[in-house]
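Heads up: the structure comes next, in structure tokens.
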Amino acid sequence: MAALSLKIGLSDSDRTRPIANGEVSIAGVEADVTLMGVQALFNKQLTEHTFDCCEFPITSYLRTLERPERPYVAVPVFPSRHFRFSNVFVNTSKRIRTPADLAGKRIGVPVFDMAAAVWLRGIFQDYFGLPRTSPIYVSGGLESARSGDEHPQFYPDRFKHEQWNDNSLAVLLAEGEIDALYTARAPSTWRTPMVTRLFENPMEAELAYFSKTGIFPPMHLIAIKRTIAESNPGLAMAVFDGFAKAQTIARERLFDSAALSTMLPWQLENLMFTEQQLGSDYWPVGLAKNRSTLDVVGRYMFEDGLISRKLSPEEFFPQPDLLTT
């Protein structure tokens, strides 16, 4: 039987490269892989639906489950995870020292439903005394004025929201027009006199959060167009197996000191420290090991008003064979 031709869109990382370069194959699939920058990839997929299988923002995926056609089927592998405390920036003149100080402040956010912002709103409410609806959220382009809604958005009525199209959020933060910024990428104005991180030592704060919750927040998952997944039984599991294997290879390469796979001089020591703090399976795949984490992000999406009811982790992955992973 001929292999299924599948157009796959991914960001470029050590977890995806083994799929992109053909080192790891997906059973029964002839993969045509395109690597793109994250935001360009998401903008393209969420507006043009170019790829049959795509790295996908987890929060945007949950929103698609409320559409009548439910266009995508997710696979429980997570090519991007991140503690986002290091991505909260503040204007130095505003005397903001803790998340609670952001109450009533104007916070820039490039994409309102971006996973980084959903996680930060929920975590800051649960653990730092900042009600998610107390700030004013200002949407706009991170480094340039936004030309349009490339990533289609919905702004729940429970939030105070402003749209800014005349300047970048990076500049607005430096000029004090906004007080803080939630972002996935550091603004160009960071380390200028007017912009600093909220957390002086974000790793310390993130490890403290992990010790309380056991959560290393997933940002992205892998999604397949539903029509293709349902027309090809076993495809979702084959995609899961392929990406899980690619992730295993990425971890193994961090142990190889013959020629470092990154530019980190203490690559192995960094990995050993991470696994000492978070455990050897700190980047788990499958539903079972991620159920409690997925339950939290589902709750945060519901509490934000971005979905109309709280989804169970099992509802994230409607292919029956994925429920056993």
Side-chain angles (χ1 to χ4, degrees), residues 1-46 48-58 60-61 64 71-82 115 184 216-256 259-263 267 271 281-287 289-290 294 316-319 321-322 324-325:
M1 185 179 296
L4 173 68
S5 179
L6 207 66
K7 292 177 64 177
I8 302 177
L10 302 169
S11 68
D12 186 9
S13 73
D14 60 351
R15 285 89 61 201
T16 60
R17 256 172 251 134
I19 298 287
N21 64 23
E23 182 179 3
V24 172
S25 59
I26 299 171
V29 168
E30 181 182 340
D32 175 11
V33 180
T34 298
L35 298 178
M36 298 179 67
V38 168
Q39 197 56 57
L41 176 67
F42 293 165
N43 288 347
K44 192 172 189 66
Q45 191 66 10
L46 289 164
E48 301 174 14
H49 307 279
T50 302
F51 301 105
D52 306 314
C53 174
C54 191
E55 184 174 342
F56 212 89
I58 187 170
S60 297
Y61 169 72
T64 72
Y72 290 97
V73 168
V75 174
V77 289
F78 308 94
S80 175
R81 291 177 182 262
H82 207 295
F216 181 18
M219 300 288 127
H220 309 162
L221 40 66
I222 299 296
I224 309 167
K225 287 182 177 176
R226 177 179 291 275
T227 53
I228 296 173
E230 292 182 345
S231 299
N232 295 274
L235 174 61
M237 182 57 79
V239 169
F240 170 83
D241 289 340
F243 278 91
K245 184 176 180 181
Q247 182 175 302
T248 298
I249 289 172
R251 178 179 177 273
E252 289 171 350
R253 287 200 171 125
L254 294 176
F255 280 104
D256 186 356
L260 298 177
S261 62
T262 72
M263 292 179 67
Q267 173 179 289
L271 176 63
D281 194 14
Y282 66 92
W283 204 302
V285 301
L287 174 59
K289 293 180 180 180
N290 289 282
L294 297 172
F316 289 28
F317 310 109
Q319 292 281 305
D321 51 352
L322 297 175
T324 63
T325 58

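For reference, positions follow the sequence shown, starting with 1.
The closest side-chain heavy-atom distance from Leu254 to Ser261 is below 4.5 Å. Looking at heavy atoms from C-beta onward, Arg251 lies out of side-chain contact with Arg15 at the 4.5 angstrom threshold. Using a 4.5 Å cut-off on side-chain heavy atoms (C-beta onward), Val75 and Phe56 make no contact. No side-chain heavy atom of Leu271 sits under 4.5 Å from any side-chain heavy atom of Gln267. Residues Lys225 and His49 meet the side-chain proximity criterion, which asks for heavy atoms closer than 4.5 Å. With contacts defined as side-chain heavy-atom distances shorter than 4.5 Å, the pair Lys44/Cys54 does not qualify.
Residues that satisfy the side-chain hydrogen bond (donor to acceptor under 3.5 Å, both in side chains) test with Gln247, not counting sequence neighbours, are absent from this structure. Residues that satisfy the side-chain hydrogen bond (donor to acceptor under 3.5 Å, both in side chains) test with Thr64, not counting sequence neighbours, are absent from this structure.
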Evaluate Leu6 against Ile228 for side chain to side chain contact (heavy atoms under 4.5 Å, CB included), listing each step before the verdict.
CA-CA 9 Å; Leu6 207 66; Ile228 296 173; 4.0 Å; yes
Stepwise side chain to side chain contact (heavy atoms under 4.5 Å, CB included) check, Tyr72 with Leu221:
CA-CA 11 Å; Tyr72 290 97; Leu221 40 66; over 6 Å; no
Assess the residue pair Phe78 and His220 against the criterion (side chain to side chain contact (heavy atoms under 4.5 Å, CB included)); give the C-alpha distance rounded to whole Å, side-chain angles, the decisive distance to 0.1 Å, and a yes or no.
CA-CA 5 Å; Phe78 308 94; His220 309 162; over 6 Å; no
Before you tell me yes or no, could you show the steps for Thr248 and Glu252 under side chain to side chain contact (heavy atoms under 4.5 Å, CB included), namely the whole-Å CA-CA distance, both residues' side-chain angles and the distance that decides it to 0.1 Å?
CA-CA 6 Å; Thr248 298; Glu252 289 171 350; 3.6 Å; yes
Sequence neighbours left out, cut at 3.5 Å: what donor-acceptor pairs do the side chains of residues 22-30 make with other protein atoms?
unit_1 : atom_1 : unit_2 : atom_2 : d
Glu23  : OE1    : Arg253 : NH1    : 3.4
Glu23  : OE1    : Arg253 : NH2    : 2.8
Glu23  : OE2    : Arg253 : NH2    : 2.7

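Heavy atoms only, all atoms of each residue included: Ala74 and Phe316 are closest at CB-O, 3.6 Å. For the pair Val33 and Ile19, the tightest heavy-atom approach, listed with the atom from each and the gap, is CG2-O, 4.0 Å. In this structure, Ile8 and Phe51 approach most closely via the heavy-atom pair C-CD2, 3.7 Å. In terms of heavy-atom proximity, Asp321 sits nearest to Gly234 at OD2-CA, 4.4 Å. Of all the heavy atoms in Pro57 and Leu46, the pair that sits closest is CG-CD1, 4.5 Å. When every heavy atom of Ile58 is checked against every heavy atom of Pro218, the shortest pair comes out as CG2-O, 3.6 Å.
Between Trp283 and Phe216, a ring centre-to-centre spacing shorter than 6.0 Å is recorded.
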